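Scroll down for the structure; my scribbles are underneath it.
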Amino acid sequence: LALFVAAIILLITSLVVIRNNNSDKILIKEESNFGPVWIYEKNNQRCMTFIEPPTPIVQSCTLTQNPKIVLQGYVKLFISTLFFNDSPKRILVIGLGGASVHKALNILLPRTQIDTVEINGVLPKIVDKYFGYKEDYRNKIFIEDGAIFAKEAAADIYDIILIDGFNADYIPPQLLTDEFMQNIKKTLTPNGIVAINTFTTSKTYDLESDLFKRNFGKYYNLI
């Protein structure tokens, strides 16, 4: 009897908060089927938000003069999955955002295949132009609902899965179900690792914890 072993890492992070005022320089406002996307610059940072600036809540930020520097703590927590597997062959990221996680992984893992699932079809061109991340032979972007992608994906193909899907409010509900977690678990290789980004302020924290424990057993909270 084969024993399937999977670990899930729960990244407990606060909302990404940047102090803003009316001096923010808006670079673009792009409409989409999922609401508008703003890119703005302030204090040598370029940020993406789904809420009209000025706002303290952003999806991703990078330094305009040195985009290789990681600014956000949750990105570093995602990278900590490499302590469990430092040479993954294939990684799945659900959620594109400003591609901070993806760019860091490209630097650390130059030969690893990274598949990204993003539901908002306008984001890839925005991220290409303003954050310097684009598709190539080892960075693939699939415009699809992450829940559907996981349901239809083959079994045992991803060594690491990073769940970072957010809308303007929180994690979409279809990504917080038993069905989704079981489909994610199916796509993992033996001893694969899953990490999900959540908020310290989540009103559904206890329900989320029960969901992860029920589907994966042991898990770790990283704050």
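The structure displayed is predicted, hence computed values, not measured ones.
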Quiz item: When you look at I160 and L82, which way does the side-chain contact (heavy atoms from CB on, under 4.5 Å) test go after all the steps?
Solution: CA-CA 9 Å; I160 295 175; L82 300 182; 3.8 Å; yes

Self-check item: Heavy-atom side-chain contact between K186 and K151 under 4.5 Å
Solution: no

Quiz item: So which of T116, I184, N197 actually passes side chain to side chain contact (heavy atoms under 4.5 Å, CB included) with I94?
Solution: I184

Exercise. Not counting sequence neighbours, which residues clear ring-ring contact (aromatic ring centres under 6.0 Å, His included) with F34? List them please.
Key: none

Quiz item: How close do G97 and V127 get, heavy atom to heavy atom, and via which atoms?
Solution: O-CG2, 3.0 Å

Quiz item: So, does E118 use its side chain to make a donor-acceptor pair with the main chain of L96 at under 3.5 Å?
Solution: yes

Quiz item: Among all residues two or more places apart in sequence or in another chain, which pass the salt bridge (charged side-chain N to carboxylate O under 4.0 Å, His left out) test with D128?
Solution: K134

Self-check item: More than 12 heavy atoms of other groups within 6.0 Å of D136 CG
Solution: yes

Quiz prompt | Short side-chain to backbone donor-acceptor contact, T64 and N44, under 3.5 Å | solution = yes

Quiz item: Does any non-hydrogen side-chain atom of Y158 lie less than 4.5 Å from one of T189?
Solution: no

Quiz item: Hey, does Y205 have a side-chain heavy atom less than 4.5 Å from the side chain of T198?
Solution: no

Quiz item: Any link between I114 and I143 through a network of hydrophobic side chains (Ile, Leu, Val, Met, Phe, Trp, Tyr) touching at under 4.5 Å?
Solution: yes

Self-check item: Residue pair S100 / V75: nearest heavy atoms and the distance that separates them
Solution: CB-CG2, 3.9 Å

Quiz prompt | Shortest non-hydrogen separation from P124 to G121 and the atoms involved | solution = CD-O, 3.5 Å

Self-check item: Nearest heavy-atom neighbours spanning F180 and L175
Solution: CD2-O, 3.3 Å

Quiz prompt | ring-ring contact (aromatic ring centres under 6.0 Å, His included) against F131, all qualifying residues, sequence neighbours excluded | solution = none

Quiz prompt | Contacts of R214 that satisfy side chain to side chain donor-acceptor pair (under 3.5 Å) - sequence neighbours left out | solution = D178

Practice problem: Quick one: list whatever passes salt bridge (charged side-chain N to carboxylate O under 4.0 Å, His left out) with E31, sequence neighbours left out. | Solution: K29

Quiz prompt | Distance (rounded to the nearest 0.5 Å) between F78 CZ and H102 NE2 | solution = 9.5 Å

Quiz item: From T187 OG1 over to L92 CG, what is the distance, rounded to the nearest 0.5 angstrom?
Solution: 6.5 Å

Practice problem: Measure the CZ-CG distance between F212 and L176 for me, rounded to the nearest 0.5 Å. | Solution: 6.0 Å

Practice problem: Sequence neighbours left out, what passes ring-ring contact (aromatic ring centres under 6.0 Å, His included) with F149? Give chain and number order. | Solution: F142

Quiz item: Between I148 and I157, is there a shared hydrophobic cluster once you connect ILVMFWY residues whose side-chain heavy atoms come closer than 4.5 Å?
Solution: no

Quiz item: Do the non-hydrogen side-chain atoms of L162 and D164 ever get within less than 4.5 Å of each other?
Solution: no

Self-check item: Least distance between heavy atoms, M48 atom then V37 atom
Solution: CG-CG1, 4.0 Å

Quiz item: Is the side chain of K185 donor-acceptor paired with the backbone N or O of V194 at a distance under 3.5 Å, no angle test?
Solution: no

Quiz item: If you link I, L, V, M, F, W and Y whenever their side-chain heavy atoms are under 4.5 Å apart, who else ends up in the same group as I69?
Solution: L63, L71

Quiz item: Do the non-hydrogen side-chain atoms of K25 and K42 ever get within less than 4.5 Å of each other?
Solution: no

Self-check item: N/O donor-acceptor pair under 3.5 Å between Q72 side chain and C61 backbone
Solution: yes

Exercise. Measure the CD1-CD1 distance between I39 and I126 for me, rounded to the nearest 0.5 Å.
Key: 5.5 Å

Quiz item: Which pairs count as salt bridge (Lys or Arg N to Asp or Glu O under 4.0 Å) when at least one residue sits in residues 84-113, sequence neighbours excluded?
Solution: R90-D115

Quiz item: What residues form a side chain to side chain donor-acceptor pair (under 3.5 Å) with D145, not counting sequence neighbours?
Solution: Q174

Quiz item: Heavy atoms, side chains only, cut-off 4.5 Å: are M181 and I196 in contact?
Solution: yes

Exercise. Check salt bridge (charged side-chain N to carboxylate O under 4.0 Å, His left out) between E41 and all other residues, then give those that pass, not counting sequence neighbours.
Key: R46

Quiz item: Who are the side chain to side chain donor-acceptor pair (under 3.5 Å) partners of N106, not counting sequence neighbours?
Solution: N139

Self-check item: Distance, nearest 0.5 Å, that separates OG1 of T81 from CD1 of I79
Solution: 6.5 Å

Quiz item: Could you walk me through whether Y74 and V101 pass the side-chain contact (heavy atoms from CB on, under 4.5 Å) check?
Solution: CA-CA 9 Å; Y74 84 93; V101 174; 4.0 Å; yes

Quiz item: At what distance, to the nearest 0.5 angstrom, does OH of Y130 lie from CD1 of I28?
Solution: 4.0 Å

Self-check item: Minimum heavy-atom distance L109-R138, with the two atoms named
Solution: O-NH1, 3.4 Å

Quiz item: With E30, which residues qualify under salt bridge (charged side-chain N to carboxylate O under 4.0 Å, His left out), at least two apart?
Solution: K125

Quiz item: Going through the distances and angles, do S202 and Y170 end up as a side chain to side chain donor-acceptor pair (under 3.5 Å)?
Solution: CA-CA 9 Å; S202 170; Y170 192 48; 3.3 Å; yes

